[in-house]
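Below: one structure, written as structure tokens.
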2 protein chains.
Amino acid sequence: MKPTIRDVAKMAGVSISTVSRVMNAPETVVESKRLKVLDAIEELKYQPNSFARGLIYRKSFTLGLLIPDIENMYYAGMIRGMQDACIKLGYSLMICNTDRDPERLLSYIDAFHEKQVDGIVFASDMLFPEYYDKLVGCRIPFVMVSSHSDEYDIPSVEVDDEAAAYDAVKFLIELGHKQIGMLGFNDVNSIAGPPRIEGFARALKEFGLEHNLEKVKYASHRFEHAYEASHELFSEYPDTTAVFCVADEFAMGAISYLKDRNVLVPGQVSVVGFDNVRMAGMFIPKLTTIAQPIYELGYRSAEQLHELVTTGSVKVTREKMKHRLIVRESTRER
Amino acid sequence: MKPTIRDVAKMAGVSISTVSRVMNAPETVVESKRLKVLDAIEELKYQPNSFARGLIYRKSFTLGLLIPDIENMYYAGMIRGMQDACIKLGYSLMICNTDRDPERLLSYIDAFHEKQVDGIVFASDMLFPEYYDKLVGCRIPFVMVSSHSDEYDIPSVEVDDEAAAYDAVKFLIELGHKQIGMLGFNDVNSIAGPPRIEGFARALKEFGLEHNLEKVKYASHRFEHAYEASHELFSEYPDTTAVFCVADEFAMGAISYLKDRNVLVPGQVSVVGFDNVRMAGMFIPKLTTIAQPIYELGYRSAEQLHELVTTGSVKVTREKMKHRLIVRESTRER
DNA sequence: ACTGCACTTGAAAAGCTTTTCAAAAAAGGA
DNA sequence: TCCTTTTTTGAAAAGCTTTTCAAGTGCAGT
């Protein structure tokens with residue numbers, strides 16, 4: 001049986017109130033007793049019961065994180081950032097992987113509700129009314145990361161997807177490429193999808209390359225699908241010399257496809273990715289990519305949630321973080 | 001303010017005991033009241049307070065997971081497995097990433113203790129006396145995954161590292177390779193390290209290739225280090241034609257190094273990895289590797305922990321799961 | 001109509017901590 | 001030494017649920 005505050009009190013020969021005080025306001029108890037209590041705590045390895053505490057404070061000091069796919073390398077860095085922020089702010093973190101299953105997401109919200117998490121960070125997904133209603137029904141504060149909501153006024157942190165895509169495509173154009181394709185997210189409800197298409201389009205128009213606008217194929221988050229989509233793209237437009245991919249994993253899929261067809265990257269085709277996951281620098285060739293500040297995104301969203309939880313609102317509700325282009329080995333001048 | 005059982009009781013015009021009963025033993029309350037209560041619950045979106053519940057049950061229905069490095073792809077699959085098992089068994093999962101920092105690990109144990117997790121799964125690390133003492137001091141049941149303890153009698157699930165390494169090296173030998181190197185874990189306290197070296201040695205001896213025994217270089221879990229270690233290996237033994245790597249990430253590091261030196265894989269050198277992380281099938285060339293049942297390892301360890309938590313012991317304390325060799329594109333006959 | 005029984009229901013206690021309030025002790029001043 | 005003020009301490013309540021126990025209701029049998 002775990003020791004309780006009573007056991008500590010008995011061992012130290014004081015009342016439970018005194019024990020509680022040495023833990024929460026040590027300066028109010030005389031040194032002699034304080035030391036006895038501290039010894040007893042040490043001796044019994046006493047740890048206050050967080051259920052009893054939670055009951056009083058009405059706080060669990062736990063944050064929940066909802067991510068669509070834990071096997072996507074993108075989230076590993078984000079989790080690290082969030083966890084570091086949580087340590088700094090005194091929270092524990094409960095990570096739940098929805099596998100992009102709405103049912104599962106909803107049931108995780110229930111779990112969070114029951115566990116009384118103090119707040120939730122909602123990653124990447126689109127905030128459907130169904131989710132929103134449930135969340136506000138449960139009265140759980142939440143923020144969004146790598147996503148945002150136009151319908152509801154929810155704090156969020158993300159990168160400027162349109163500008164980032166524009167930069168990537170502009171880079172390709174400046175390299176001299178004229179036949180440029182794109183691999184986008186086929187998810188109808190993708191948050192990052194549309195703005196990245198817009199960025200692609202804007203760059204194309206700006207440089208009078210509108211004939212590429214239709215060269216977009218879609219894949220659903222995974223390597224294999226990107227491989228397939230590349231096949232479609234290059235079958236339909238065999239003269240394509242550069243591809244902008246909305247995820248590093250897509251870039252890897254594209255490069256694998258090209259490799260299997262014996263076309264050289266970057267020799268014959270240039271490929272640029274998006275995210276700069278850790279693997280981007282390990283792949284062969286190393287990926288030129290748009291880097292998102294992944295760790296910082298996670299860190300910041302936890303901070304933002306903390307702000308929301310403690311003050312009831314956040315100062316900057318729609319925060320943007322800077323992306324940057326990292327030129328490595330998957331692109332070349334034409 | 002979140003609604004409590006009192007609010008539900010008031011709305012339904014019954015006592016709180018009755019409300020509690022419709023949730024925990026519905027058959028004991030007459031239908032008319034039960035329906036009223038159910039309506040009230042629905043109406044208020046009432047969710048029982050898990051603090052109060054935990055206080056009574058002395059259970060949190062939460063499991064803790066301690067992993068060394070969330071950015072290592074190996075753990076993503078494991079987490080998926082554990083999380084699926086947790087859903088099945090009615091637990092929540094709290095994942096903590098120690099970044100291989102003992103201090104941090106210890107402080108996470110404190111956090112788990114305070115949060116009263118019902119049990120902990122301890123992944124990959126070596127169980128130092130310091131950890132063990134703390135865990136038993138906290139009276140938290142725990143199991144180990146991809147690891148085990150020789151000193152203490154702790155339930156564990158893992159792969160047979162010695163046999164797996166043996167199989168990998170034997171495969172290389174049967175391919176006709178005579179000059180075989182190895183990239184191992186440099187971590188002195190690695191659990192998987194020594195048996196994999198032994199497996200390497202056993203295969204070598206069995207086929208009279210003892211002259212390779214010294215061709216082992218060490219790296220510390222990351223791509224960059226494996227790249228460095230490859231440099232050492234090939235500088236010292238330039239005639240090496242095959243490398244056995246104890247992690248897929250090491251294999252990628254080796255292949256990258258070789259690529260930078262313009263040596264072809266598998267054309268001139270064959271490389272075999274270990275783990276079969278998702279990326280193994282995405283890399284160029286796709287990795288030949290020893291596959292661990294990563295998802296199952298995670299799933300099983302959660303089941304095992306559940307068994308330990310509920311019954312106080314487990315039937316099979318040192319469980320082994322089957323590995324298998326997956327031949328892809330990074331190896332070739334000599 | 002009454003007794004006995006089974007079934008329902010509500011009151012109260014327990015689980016552990018924090019905090020308020022009042023009492024006790026100590027310290028300081030005269 | 002006595003009184004006032006400050007500091008320190010303990011008792012008790014609150015926070016929310018489950019569960020035990022006793023009381024209440026309704027029904028069947030005689």
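Numbered from 1 within each chain, the chains take letters A, B, ... in sequence-line order.
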### Query
What pair of heavy atoms forms the shortest contact from Ser147(B) to Ile191(B), and how long is it?
OG-CG1, 3.2 Å
### Query
Relative to the 5' end of DNA chain C, which residue comes earlier, Thr18(B) or Arg53(B), by the nucleotide with the nearest heavy atom?
Thr18(B)
### Task
Sequence neighbours left out, what passes ring pair (Phe, Tyr, Trp, His ring centres under 6.0 Å) with Tyr91(B)? Give chain and number order.
His306(B)
### Query
Contact class for Ser17(B) (heavy atom, under 4.0 Å): base, sugar-phosphate, or nothing?
base
Per-pair distances, 0.1 Å, donor-acceptor, side chain in residues 46-61 of chain A, under 3.5 Å, sequence neighbours excluded:
{"residue": "Asn49(A)", "atom": "OD1", "partner": "Phe51(A)", "partner atom": "N", "Å": "2.6"}
{"residue": "Asn49(A)", "atom": "OD1", "partner": "Ala52(A)", "partner atom": "N", "Å": "3.2"}
{"residue": "Ser50(A)", "atom": "OG", "partner": "Glu114(B)", "partner atom": "O", "Å": "2.8"}
{"residue": "Ser60(A)", "atom": "OG", "partner": "Thr62(A)", "partner atom": "N", "Å": "3.3"}
{"residue": "Ser60(A)", "atom": "OG", "partner": "Gln116(A)", "partner atom": "O", "Å": "2.7"}
{"residue": "Ser60(A)", "atom": "OG", "partner": "Asp118(A)", "partner atom": "OD1", "Å": "3.4"}

### Message
Using a 4.0 Å heavy-atom cut-off, does Ser20(A) contact any base of the nucleic acid, only the sugar-phosphate backbone, or nothing at all?
### Response
base
### Message
Rounding to an integer number of Å, can you tell me how far Glu31(A) CD sits from dT9(D) P?
### Response
12 Å
### Task
Determine the minimum heavy-atom distance between Leu44(A) and Pro3(A), stating which atoms define it.
O-CG, 3.5 Å
Can I get a per-line list of side-chain donor-acceptor pairs under 3.5 Å for residues 4-14 of chain A, giving both atom names and the distance, sequence neighbours left out?
{"residue": "Thr4(A)", "atom": "OG1", "partner": "Arg6(A)", "partner atom": "N", "Å": "3.1"}
{"residue": "Asp7(A)", "atom": "OD2", "partner": "Thr4(A)", "partner atom": "N", "Å": "2.7"}

### Message
For the CD atom on Glu31(A), are there more than 12 heavy atoms of other groups (residues, nucleotides or ligands in this structure) within a distance under 6.0 Å?
### Response
no
### Message
Can you see if the side chain of Lys33(A) gets near the phosphate of dT9(D) - specifically, an N or O under 4.0 Å from OP1 or OP2?
### Response
yes
### Query
Starting at the 5' end of DNA chain D, which residue's closest nucleotide do you reach first, Gln47(B) or Ile16(A)?
Ile16(A)
### Summary
By nearest-nucleotide position on DNA chain C, the 5'-leaning member of Ile56(B) and Gly13(B) is Gly13(B)
### Message
Could you tell me the boundaries of the chain B footprint on DNA chain C, defined by atoms under 4.0 Å from its heavy atoms?
### Response
dT8(C) to dC16(C)
### Query
Taking five pairs at each end of the helix from dA1(C)-dT30(D) to dA30(C)-dT1(D), what angle separates the two helix axes (nearest 10°)?
50°
### Task
Pick base, sugar-phosphate or nothing for Arg6(B), based on heavy-atom distances below 4.0 Å to the nucleic acid.
base
### Message
What's the separation between atom OG1 in Thr98(A) and atom CD1 in Ile109(A), rounded to the nearest 0.5 Å?
### Response
10.0 Å
### Task
Of all the heavy-atom pairs spanning Glu296(B) and Met321(B), show the shortest one and how long it is.
O-CE, 3.7 Å
### Task
Please name all residues satisfying ring pair (Phe, Tyr, Trp, His ring centres under 6.0 Å) with His221(B), sequence neighbours left out, ordered by chain then number.
Phe185(B)
### Query
Heavy atoms under 4.0 Å, any strand shown: does Arg58(B) hit a base, just sugar-phosphate, or nothing?
sugar-phosphate
